[in-house]
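Right, one structure below, let's go through it.
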Amino acid sequence: MARVLLVDDDEMVRYALAKALRRAGHEVREAASGAGVLEQLRSDAIDILVTDLVMPDEEGIGLIRELRAAGEGLPIVAISGGGRVSGEQYLRMASRLGASATLAKPFDHRELIELIDRLAKNADR
Amino acid sequence: MRSAPGNTTLPGARDGLSVWQAIGREALLRFGLIFIALTVVLTLAMVKIDLFDQFYALTREHEDWEFDEMVLALLAALIALAFSALILARMLAVRVSEQVNERLLAEQRLAEGRKLRSMGTLLGGVSHSMNNHLQPIMTLSELMREDLPPDSEAARDLARIRQAAQGACEILRRVLNFSHQGHGVSERCDLPEALQSAAELASAAIPSTVRLELDIDPAAGQVALARVDAEVILLNLVSNAVDALEGRAGVIRIRCAPAPGRPEPGDWVRLTVADSGPGIPEAIQERIFDPFFTTKAVGLGTGLGLSEVYGLVHRAGGHLGVRSAPGEGAEFNIFLPVGHDAAKAPLASME
């Protein structure tokens, strides 16, 4: 079981992915934007962050950069459906900035669950 | 003589060409040569037939005149000048109309590029939203299915919903291929190798009445395309050609060869896919690369194949065009830069 913080501005995406993760036995917190995520990570003892990359107020890219700059070493899964530049470019940028894994929307939620299981296992070691 | 590359009309070069630029040095030289040659020939001819003698015989008594030849030469020069000026004017007219045509074509290409680019931006935005909408459809339908007995009708319907969502994903993937926003931006492949394997795939899939003729130079080189994208280009063009034949027997010729210096200086490779179908009416030739444009019956074509080819070729720094006349088939020509380094290479190496 891992404590996952799921950041996505799309409520339906959040609802669906949170449901899938909970069903797989993970504990899920949700956030609709990147604002305040850093504080939440510290106060809620989050194991893994799953974040969208294209959001209206704070871009996920900025969030990842900010977290890594603040010395946060937790595993980050970046998810994106594309945007102004290509989704793939965003995902590459995210992994370059330190995201542990990336998924292009729409993905099979089982892929996300496998990823989280693996990342949680690695973090335990 | 075609004008040198630096001299071709570029859109926006409104200050344009002086008459002399339009004529060109070579034409002026030709004008001079024609003038001199005509003068000499006319002079000799007039001296030979003793033009003055005959002229004088008609007008007045013949008298000795020392400057006969010089006057004849002057006369010949005047006639030659008139002739050469006519020829020069004609050359000028042809050259100017060529330049105007070139400029019109360039402007047309630019407008077309602009239109397709803005369509690409639009489609990129649309597919971002669609991807976000598809995520809950796929996830929730799958989660619901897990709750139901596997052989219940509801479970089967949910599987259908998921299948439909996957179909939508596939359309989006192809649309993104058009709008330059797909995957694999930085990959490269050996074009002849990719074409060869795609052609094998194609020949297994096409009707037996259609023959594939391959002429692929194995040394044509590497291009800035993922192998799968090079295959997609050929498969789309071949499937388009097969559809164009409309069930009749026919030939599809696939040629791939180096094309040094064409269409721009440097190393290029040219891929040609030509069919013996009915050809593409001129009226729709400029629309065939538009996404969702199709002449096929509803449900038979997505109208994405050629737009996908367009996007992939442009992403690899290439150009493409079609040549077709009614009844004479269609010939798609693709020019790709050889060994083109994709701008995104450093990003890829980080993975």
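In what follows, chains carry the letters A, B, and so on, assigned in the order in which the sequence lines appear, proteins first and then strands, with residues in each chain numbered from 1.
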For this session: Take A:D108 and B:M138, measure what side chain to side chain contact (heavy atoms under 4.5 Å, CB included) needs, and give me the verdict at the end.
Result: CA-CA 7 Å; A:D108 188 327; B:M138 286 178 62; 5.7 Å; no

Problem set entry | Interchain contact, A:R14 with chain B, by part (heavy-atom threshold 4.5 Å) | neither

Problem set entry | More than 12 heavy atoms of other groups within 6.0 Å of B:E153 CD | no

Exercise. Hey, does B:L140 have a side-chain heavy atom less than 4.5 Å from the side chain of A:Y15?
Worked result: yes

Exercise. How close do A:A16 and B:P136 get, heavy atom to heavy atom, and via which atoms?
Worked result: CB-CA, 3.7 Å

Exercise. Any idea which heavy atoms bring A:G81 and B:N131 closest together, and the distance?
Worked result: O-ND2, 3.0 Å

Exercise. What pair of heavy atoms forms the shortest contact from B:T139 to A:L17, and how long is it?
Worked result: OG1-CD2, 4.1 Å

Exercise. Does atom CD of A:E11 have more than 12 heavy-atom neighbours, drawn from other residues, nucleotides or ligands, at distances under 6.0 Å?
Worked result: no

Exercise. With sequence neighbours left out, what residues match B:H133 under ring pair (Phe, Tyr, Trp, His ring centres under 6.0 Å)?
Worked result: none

Exercise. Side chain to side chain contact (heavy atoms under 4.5 Å, CB included) with B:P150: which residues, sequence neighbours excluded?
Worked result: none

Exercise. Between A:K105 and B:L134, is a side chain to side chain contact (heavy atoms under 4.5 Å, CB included) present by the stated rule, with each step listed?
Worked result: CA-CA 8 Å; A:K105 285 184 203 167; B:L134 283 165; over 6 Å; no

Problem set entry | Criterion side chain to side chain contact (heavy atoms under 4.5 Å, CB included) on A:I79 and B:Q135, from CA distance to verdict | CA-CA 11 Å; A:I79 57 178; B:Q135 185 66 62; over 6 Å; no

